[in-house]
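Side chains are part of it too, since the values below use all heavy atoms of this structure and drop only hydrogens, waters and symmetry mates. Everything numeric here is computed off the predicted structure, so don't read it as measured data. We name chains A, B, ... by the order of the sequence lines, and we start the count at 1 in each one.
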2 protein chains.
Amino acid sequence: MADERTDDCLAPEELDTYIVLTEAVSLLQYAVEEQLRAAGGLSLVQFQILMRLAFADGPLTMTDLADGLVYSRSGLTYQAGLLEKAGLITRTPCPDDERVVHAAITDAGRARIDRVLPGHLEVVRRLFLTPLDASDLRTLRAIMTRVRDHMRARPPRSAAAARRRTAAKAARPGRDAGGP
Amino acid sequence: MADERTDDCLAPEELDTYIVLTEAVSLLQYAVEEQLRAAGGLSLVQFQILMRLAFADGPLTMTDLADGLVYSRSGLTYQAGLLEKAGLITRTPCPDDERVVHAAITDAGRARIDRVLPGHLEVVRRLFLTPLDASDLRTLRAIMTRVRDHMRARPPRSAAAARRRTAAKAARPGRDAGGP
DNA sequence: TATTGTTATACTCTATAACTATA
DNA sequence: TATAGTTATAGAGTATAACAATA
């Protein structure tokens, strides 16, 4: 049952690997989200935005953030609005290009991260790192870096949406296929 | 900057591995969701429910499904309702225990999977498997299996929610900390 | 009393499309 | 004309709590 329909199935090792990888990451992500919410009232996306801004050299544009997080720009506007209202980030127009908005983390934002990060790392350590040794980590990082770079080689999310929209105008085959 | 505050930071290899792992899986999941929606009008959760039922020996209870998918039971009821309305699954009371509901996949459900799965596997192959060889796969599977089993060793999601509720009644310190 | 599952509800999130403004 | 970002809107998804029925 492994090699009959080469196009319609994966080898068992391939499928198993895919399934266990996504399952484990889902479990980890679920636990992480719970901790972030309880410890700092942050969703995972909000935390990721803050972290990106905290570790960036300077301010980032909205598009940079959206692409980095695989996020739609309108979704990011929404989340950035929440974070700004909470005083954790600022948004200021860029002087060089008036279309661009620079997002930057505030002191309160850094304080929030300081409050949340230890528990966050504790969860990561307890659930994810505990069963791994240094060699596992090195290997895992090497493999997943290759996978990520391979995927990042395709166009980023926000541009892809625009291109899809454009392409749809040219040839319109009626995309999807009704209800769930 | 690696070893000063052992409690508040991870070693760089640890952090890098964690970040690249979650980033790659996010990218993959995003692409997969797009494909499932376009090819079969299914969300990822709906697809996962169908797949579990398709590969199960017989019907599964709602709780089994919820725990397997790291999902709240009410959320599962909602999704199962959609799938049932679409004729892709059935829900029938279990004769042995009248509280229990058995969910099973229908022929239409299997047909939907047949329609969606090839494209799904194509995405997985193109984005995830392409840059990996057999040895990578074996290693990755071994590592992630260990991680998953470690995480699964803790109580499943639906039970955890109940326990948390109970514990909250005993000592009530006012959990979270306001706004985002 | 504990467990299975559903419902009612309220809310968060996300995407699409239309829009503004700058380049 | 193309790009950056926002807004308006509408829909999907999720969790919580209350509930019913069974064990």
Side-chain angles (χ1 to χ4, degrees), chain A residues 30 33-34 36-38 41-46 48-49 59-67 69-84 91-103 156-166 168-169 175-176 179-180, chain B residues 29-30 33-34 36-38 41-49 60-67 69-85 91-103 156-166 168-169 175-176 179-180:
Chain A
Y30 188 90
E33 281 174 357
E34 193 169 76
L36 291 174
R37 180 74 57 189
L42 293 175
S43 71
L44 180 59
V45 191
Q46 289 161 357
Q48 287 171 330
I49 293 173
L60 296 178
T61 72
M62 301 299 278
T63 300
D64 285 343
L65 278 174
D67 285 346
L69 298 171
V70 194
Y71 218 65
S72 76
R73 281 178 309 187
S74 77
L76 183 68
T77 296
Y78 171 77
Q79 294 293 346
L82 293 181
L83 291 173
E84 190 179 37
R91 280 184 293 182
T92 55
C94 164
D96 297 351
D97 184 339
E98 294 271 340
R99 294 172 304 180
V100 170
V101 168
H102 276 162
R157 195 245 158 288
S158 60
R163 191 157 347 89
R164 211 177 315 128
R165 205 153 47 236
T166 309
K169 283 176 188 169
R175 298 175 68 226
D176 95 335
Chain B
Q29 206 168 65
Y30 188 90
E33 281 175 357
E34 193 169 75
L36 291 174
R37 180 75 58 189
L42 292 174
S43 69
L44 180 58
V45 191
Q46 289 161 357
F47 176 72
Q48 286 171 330
I49 293 173
L60 296 178
T61 72
M62 301 299 279
T63 299
D64 286 343
L65 278 174
D67 286 346
L69 299 171
V70 193
Y71 218 65
S72 77
R73 280 179 308 186
S74 76
L76 183 67
T77 296
Y78 171 76
Q79 293 293 347
L82 294 181
L83 291 173
E84 190 179 37
K85 207 178 303 174
R91 280 184 294 182
T92 55
C94 164
D96 297 350
D97 184 339
E98 293 272 339
R99 293 172 304 179
V100 170
V101 167
H102 276 162
R157 195 244 158 287
S158 60
R163 192 158 344 92
R164 212 176 316 127
R165 206 153 46 236
T166 309
K169 284 176 187 168
R175 297 175 68 227
D176 93 336

(request) Mind checking the CG-CG spacing from A:L69 to A:D64? Nearest 0.5 Å is all I need. (result) 10.5 Å
(message) So does A:R91 get a backbone contact from the side chain of A:E84, meaning a donor-acceptor N/O pair under 3.5 Å?
(response) yes
(message) In whole Å, I'd like the distance from the CD atom of B:Q29 to the P atom of D:dG13.
(response) 14 Å
(request) Rounded off to whole Å, could you give me the CG-to-C1' distance for the B:L42 and D:dA12 pair? (result) 14 Å
(request) Take the protein atom CD of B:E34 and the nucleotide atom C1' of D:dA12, then report the distance between them rounded to whole Å. (result) 17 Å
(request) In whole angstrom, give the distance that lies between atom CG of A:L36 and atom C1' of C:dT12. (result) 16 Å
(message) Using 0.5 Å steps for rounding, measure from the CG atom of A:L83 to the CD atom of A:Q46.
(response) 5.0 Å
(message) Expressed as a whole number of angstroms, how long is the span from B:E98:CD to C:dT6:C1'?
(response) 16 Å
(request) Output yes when at least one side-chain N/O atom of A:R37 is less than 4.0 Å from OP1 or OP2 of D:dT16, else no. (result) no
(message) So, using side-chain contact (heavy atoms from CB on, under 4.5 Å) as the criterion, who are the partners of B:V45 when residues are at least two apart?
(response) B:S43, B:I49, B:Y71, B:Q79
(request) Calculate, to the nearest 0.5 Å, the distance between atoms NE2 and CG belonging to B:H102 and B:D96 respectively. (result) 7.5 Å
(request) By nearest nucleotide on DNA chain C, pick out whichever of A:P95 and A:G75 is the more 5' one. (result) A:G75
(request) Indicate whether OP1 or OP2 belonging to C:dT16 is found under 4.0 Å from a side-chain N or O atom of A:S72. (result) no
(message) Here's a test of your reading of the structure: between A:D96 and A:Q79, which maps to the more 5' nucleotide of DNA chain C?
(response) A:Q79
(request) State the CG-CZ distance between A:L76 and A:R73, to the nearest 0.5 angstrom. (result) 10.0 Å
(request) Sugar-phosphate means primed atoms, P, OP1 and OP2; the rest is base. With that split, encode nucleotides 1-8 of chain D 5' to 3' as B, S or - using protein heavy atoms under 4.0 Å. (result) -BBBBBB-
(message) What is the separation between atom CG on B:L82 and atom P on C:dT7, rounded to the nearest whole Å?
(response) 12 Å
